Structures are given as structure tokens and as C-alpha cells.
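Worksheet: one structure, shown below.
From a predicted model like this one, the values you see are computed outputs, not experimental measurements. Residues take their numbers from the sequence shown, with the count starting at 1. Only this structure's heavy atoms are used, side chains among them; waters, hydrogens and symmetry mates stay out.
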Amino acid sequence: MKVIDEKGRLFGKLNLIDLAVVVIVVVAVAAVAMKVFGNKAVSAVTSQQVKLTYEVVAEDVPQHVADYCVAHTGGQLMSSGKLLDGSITGCEAVEVSEGDGARTDLYFTIEVNTTFSNSAYSVGSQEVRVGIEHLVKTSDIEVTGVVSGLEVETNG
């Protein structure tokens, strides 16, 4: 029995062109599935649950905003309109004297349960690394600062 007969069929049953079309369709479906679901599946496997405690320094905050933030310590964090598993556990206002005046800096302490995946700690839509800008946001507060320190405690 020939592998390919005179009509171009494989083992006398399957047309080579039909086989090529089927293989192309399967490869295309697999490629689309990897593009859509691949990163989620990989990050679900590689993510590690951690408790992250970090500090954010917001410089030159108006005094009325600083007073409000200090008075409303404990607010639950938000991102993209959704509440997160974390909160502001401390907020201290520090007056810094400058040559011709003073400014108020805020020091936020934040605790959040999150994951370490794709080489970064994620809090909502933000990555948390020392030295990068970070938006401290609750239902009452929205202040931008810079992450100045972090501690990680592995859960489990």
C-alpha cells in the first residue's frame, strides 16, 4: 500500500490539502488561545501570595489635605473603582522647613495582601517597587507619592 496514492490522498483516505488546512486551523486556534489565556495561566502558576507593608512619601501636600489624610487613616485601598485587600495603617504629616517657608510631607504606611508575579508586587493596577511613583487611593483620599520602603511577609 502506498503512503500517497494517485489522487493525492494519504493512505488512500485523507487528502493532503485537507490535512494541511486542518493543521493550520489547529495551530491558529492554539496561538489565539495562548495569546488570550497564556499569561493568566502562567501568572496563576507562578504567583505567590504575600503580605506587603510599604511606605509612600508624598511631598509638598497642601495642609488641609494633609490634615484630612491623617484624620482618615485606616481607609481601605481602591484601584479602578474596586476595593482591595489592604488599607492605610498609618499616616504622619511632617512639616519641612525650607529657605523661605515650609512644606508638609505625608508618610503613609500601607499593608496589603497581594501576589508576587511577573517579577513584581502588584497592588491593584500598580506595581510596587522602592523609588517609583505610587497613587495612594481610598474612597476618601487620592494622593500621589513615591514608594520609599517595603517589607514582605510570605503567607503560608
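- V146 belongs to no hydrophobic cluster with other residues, because no ILVMFWY side-chain heavy atom falls under 4.5 Å from its own, directly or through intermediates.
- Pairs engaging residues 104-131 under the salt bridge (Lys or Arg N to Asp or Glu O under 4.0 Å) rule: K51-E111, R103-D105, E127-R129 [sequence neighbours left out].
- Ring centroid separation for the pair H134 and F108 does not come in under the 6.0 Å cut-off.
- Connection of V56 to V152 is established within a shared hydrophobic cluster, with ILVMFWY side chains joined at heavy-atom distances below 4.5 Å, either directly or through further cluster members.
- Under the side chain to side chain contact (heavy atoms under 4.5 Å, CB included) criterion, S139 pairs with M78, sequence neighbours left out.
- Legend: residues meeting side chain to side chain contact (heavy atoms under 4.5 Å, CB included) with V23, ordered by chain and number and at least two apart, are L19, V27.
- Looking only at side-chain heavy atoms (C-beta outward), V65 and Q63 stay at 4.5 Å or farther from each other.
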Exercise. Are V123 and L84 close enough, and set up right, to give a side-chain contact (heavy atoms from CB on, under 4.5 Å), and what steps lead you there?
Worked result: CA-CA 8 Å; V123 175; L84 304 176; 3.8 Å; yes
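- Around atom CD of E151, no more than 12 heavy atoms belonging to other residues, nucleotides or ligands sit under 6.0 Å away.
- Residues T144 and V136 fail the side-chain proximity criterion, which asks for heavy atoms closer than 4.5 Å.
- Proximity of a side-chain donor or acceptor of T154 to a complementary backbone N or O of V50 within less than 3.5 Å is not detected.
- Side-chain contact between Y54 and V112: present, with at least one pair of heavy atoms (C-beta onward) separated by less than 4.5 Å.
- Nearest heavy atom pair, residue A66 against residue A93, reads CB-CB, 4.3 Å.
- A centroid separation of less than 6.0 Å is found between the aromatic rings of H72 and Y68.
- With sequence neighbours excluded, no residue forms a ring-ring contact (aromatic ring centres under 6.0 Å, His included) with Y107.
- In this structure, the side chain to side chain contact (heavy atoms under 4.5 Å, CB included) partners of S125, at least two apart in sequence or on a different chain, are S79, S80.
- Nearest heavy atom pair, residue V57 against residue S148, reads CG2-OG, 3.5 Å.
- At least one side-chain heavy atom of L106 sits less than 4.5 Å from a side-chain heavy atom of V70.
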Problem set entry | Verdict with supporting geometry, V29 and V32, side-chain contact (heavy atoms from CB on, under 4.5 Å) | CA-CA 5 Å; V29 168; V32 169; 5.9 Å; no
Exercise. Going through the checks in order, is the side-chain contact (heavy atoms from CB on, under 4.5 Å) test met by C69 and V143?
Worked result: CA-CA 9 Å; C69 290; V143 177; 3.9 Å; yes
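- A donor and an acceptor atom, one from each side chain of E95 and T104, are nowhere located under 3.5 Å apart.
- Here the CG-CG distance, from L52 to D85, works out to 12.0 Å after rounding to the nearest 0.5 Å.
- Between the side chain of T138 and the backbone N or O of D140, at least one donor-acceptor pair lies under 3.5 Å.
- No donor-acceptor pair closer than 3.5 Å links the side chain of E55 to the backbone N or O of I110.
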For this session: Using the side-chain contact (heavy atoms from CB on, under 4.5 Å) rule, take K137 and L77 through it: C-alpha gap first, then chi angles, then the decisive distance, then the call.
Result: CA-CA 6 Å; K137 184 176 179 180; L77 299 177; over 6 Å; no
